[in-house]
Asker: 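Below are the structure tokens for one structure; questions will follow.
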Amino acid sequence: FGCHASGNAISFVMEMEKLSYVEAIETLARKAGIPIRYKEGGAPSDYKKDDTIEKNIDLYERTASLFHYFLMETAQGKKALEYIKKRGLTDETIKKFKLGYAPADRKWLKQFLLSKNFSQDFLNKSGLFSQKYPDYSFFSDRLMFPIFNRKGQVVAFGGRVIPPADESQRKYLNSGDLPQFKKRETLFGFSFAKNSIREKKSIIFCEGNMDVIAYHQCGLDFAVATLGTALTQEHIKMISGFVAEGTVYLSFDSDGAG
């Protein structure tokens, strides 16, 4: 440690990521590809109860790359790309946050993923498809915001309608709670902001994904957003180790909810 603290790889990760001892070991083990065996009676984290979370994250990472390709490289995504360019987003920002476009054809994604050897049962439980009509994508014809966990892995999505849009549509849709994703425990942009939050001992809480992206693009890269929920105790716990002696700014909308 350059600051004359002592320790090892585990204590370093605990300090830098504000993780518990067990969480730090699991993080390092995953990076190194080392399996963890728990003694009987031990308390493995949710990540090790089964491999559902790992499989879901792999699916969401692949789907985020697919949506990003549709936005940047296809005629279908042109409307969404023009919209965010008009909002002032640069190519660098679009790539950094891996923004994407979900095709209007609601059956396309299921058919494509089945062709890549994902099972019907697994996809039906993934959160990417309608529960009532499992062949139909949950997101369609929307600007897509991948939601990353604190390790920078895609665990969920937010989708915004692209103006001009049907007034009957919800402006924003977020993934529901999933094995790898809990709204009350997740902050949009945190994986991009955490180093700056640590250095500046400051954080800006916003309401919307676009608010966070705008802050980051103009250099205020310690902004995060809640995901369709109020600011929760879990959010506060998540950032308290980084800004215990710092400053928290609330940059919510000036309406009733804000």
Side-chain angles (χ1 to χ4, degrees), residues 13-14 16-20 22-24 26-27 30 45-49 52-65 67-68 96-100 102 125-128 138-139 142-160 170-198 202-216 221-243 248-253 257-258:
V13 171
M14 288 174 66
M16 293 297 285
E17 301 293 335
K18 308 303 178 188
L19 301 175
S20 71
V22 173
E23 289 170 335
E26 291 172 345
T27 297
R30 278 195 298 274
S45 76
D46 288 343
Y47 265 85
K48 290 302 173 184
K49 287 176 181 173
T52 302
I53 288 176
E54 264 178 35
K55 287 180 176 178
N56 278 5
I57 290 175
D58 176 63
L59 173 64
Y60 274 73
E61 292 260 309
R62 291 168 185 260
T63 304
S65 296
F67 287 158
H68 184 66
K96 174 182 175 180
F97 287 90
K98 210 171 186 177
L99 303 186
K125 296 174 182 175
S126 69
L128 289 175
F138 185 70
F139 299 100
R142 286 177 180 263
L143 174 65
M144 298 301 292
F145 299 85
I147 297 168
F148 299 85
N149 63 16
R150 63 187 297 151
K151 301 176 184 67
Q153 300 166 311
V154 180
V155 293
F157 288 106
R160 188 198 193 284
R170 284 173 59 184
K171 186 176 178 182
Y172 284 100
L173 281 179
N174 282 324
S175 299
D177 281 357
L178 299 160
Q180 75 279 7
F181 170 65
K182 300 290 183 287
K183 289 181 186 179
R184 293 180 58 83
E185 301 171 4
T186 308
L187 292 166
F188 180 80
F190 184 74
S191 62
F192 301 105
K194 63 183 179 182
N195 289 340
S196 184
I197 294 168
R198 182 188 298 113
S202 297
I203 188 169
I204 302 170
F205 280 109
C206 311
E207 261 186 63
N209 302 349
M210 285 293 286
D211 299 331
V212 170
I213 292 169
Y215 270 123
H216 279 248
D221 57 354
F222 50 100
V224 299
T226 56
L227 291 161
T229 68
L231 189 60
T232 68
Q233 289 291 334
E234 290 86 352
H235 293 148
I236 299 300
K237 182 179 178 182
M238 184 176 176
I239 61 95
S240 60
F242 293 88
V243 293
V248 176
Y249 300 95
L250 301 181
S251 181
F252 295 122
D253 296 346

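Keep in mind the model is a prediction, meaning the values are calculated, not measured.
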Asker: Count the heavy atoms belonging to other residues, nucleotides or ligands that lie under 6.0 Å from NZ of Lys125, then report whether that count exceeds 12.
Answerer: no

Asker: Do you know which two heavy atoms are closest between Val155 and Phe148, and how far apart they sit?
Answerer: CG2-C, 4.2 Å

Asker: Got a donor-acceptor contact below 3.5 angstrom from the Glu207 side chain to the Asp253 backbone?
Answerer: yes

Asker: Over all heavy atoms of both residues, which pair between Leu59 and Ser126 is shortest? Give the atoms and the distance, please.
Answerer: CD2-CB, 3.5 Å

Asker: If you count every heavy atom of other residues, nucleotides or ligands that lies below 6.0 Å from Lys55 atom NZ, does the total exceed 12?
Answerer: no

Asker: Which heavy atom of Asp221 sits nearest a heavy atom of Ser196, and at what distance?
Answerer: OD1-OG, 2.6 Å

Asker: Compare every heavy atom of Cys206 with every heavy atom of Ala223, then report the nearest pair and how far apart it is.
Answerer: CB-SG, 4.2 Å

Asker: According to the interplanar angle, ranging from 0 to 90°, do the rings of His216 and Phe97 count as parallel (below 30°), tilted (30 to 60°) or perpendicular (above 60°)?
Answerer: perpendicular

Asker: Please answer whether the main-chain N or O of Gly241 pairs with a side-chain N or O of Arg198 as donor and acceptor at a distance below 3.5 Å.
Answerer: no

Asker: Just verifying a value: how many Å separate Glu185 CD and Asp177 CG, rounded to the nearest 0.5 Å?
Answerer: 8.0 Å

Asker: Could you tell me the separation between the OG1 atom of Thr52 and the CD1 atom of Ile57, rounded to the nearest 0.5 Å?
Answerer: 11.0 Å

Asker: If you take the centroid of each ring, where Trp contributes its six-membered ring, are Phe205 and His235 closer together than 6.0 Å?
Answerer: no

Asker: Under a plain distance cut-off of 3.5 Å, with no hydrogens placed, do Lys183 and Ser175 share a side-chain donor-acceptor pair?
Answerer: no

Asker: Are Thr63 and Phe139 packed together at the side-chain level, in the sense that at least one heavy-atom pair is separated by less than 4.5 angstrom?
Answerer: no

Asker: Run the side chain to side chain contact (heavy atoms under 4.5 Å, CB included) check on Lys98 and Phe67 step by step: do they pass?
Answerer: CA-CA 9 Å; Lys98 210 171 186 177; Phe67 287 158; over 6 Å; no

Asker: Within this structure, what is the CG-OG1 distance for the pair Leu178 and Thr186, rounded to the nearest 0.5 Å?
Answerer: 10.0 Å

Asker: Just do the ring-ring contact (aromatic ring centres under 6.0 Å, His included) check on Phe242 and Phe190 with the steps written out, would you?
Answerer: CA-CA 12 Å; Phe242 293 88; Phe190 184 74; 5.6 Å; yes

Asker: In the structure I gave you, are the side-chain heavy atoms of Val212 and Ile204 within less than 4.5 Å of one another anywhere?
Answerer: no

Asker: Minimum heavy-atom separation for Ile239 to Leu187, with atom names?
Answerer: CG2-CD1, 3.8 Å

Asker: What are the two closest non-hydrogen atoms of Glu61 and Gln153, and how far apart are they?
Answerer: OE2-CA, 3.2 Å

Asker: If I take atom CG from residue Leu143 and atom CG from residue Leu99, how far apart are they, to the nearest 0.5 angstrom?
Answerer: 6.0 Å

Asker: Could you go through the side chain to side chain contact (heavy atoms under 4.5 Å, CB included) check for Lys151 and Arg30 one step at a time?
Answerer: CA-CA 11 Å; Lys151 301 176 184 67; Arg30 278 195 298 274; 3.1 Å; yes

Asker: Return the orientation label for the Phe157 and Tyr60 ring planes: parallel under 30°, perpendicular over 60°, tilted otherwise.
Answerer: parallel

Asker: Could you state the interatomic distance from OG1 (Thr226) to CZ (Arg184), rounded to the nearest 0.5 Å?
Answerer: 11.5 Å

Asker: Count the heavy atoms belonging to other residues, nucleotides or ligands that lie under 6.0 Å from NZ of Lys96, then report whether that count exceeds 12.
Answerer: yes

Asker: Would Phe188 and Ile147 count as a side chain to side chain contact (heavy atoms under 4.5 Å, CB included) if you check the C-alpha gap in whole Å, the side-chain angles of each, and the deciding distance to 0.1 Å?
Answerer: CA-CA 6 Å; Phe188 180 80; Ile147 297 168; 4.3 Å; yes

Asker: Would Val243 and Val248 count as a side chain to side chain contact (heavy atoms under 4.5 Å, CB included) here? Give the steps.
Answerer: CA-CA 8 Å; Val243 293; Val248 176; 4.1 Å; yes

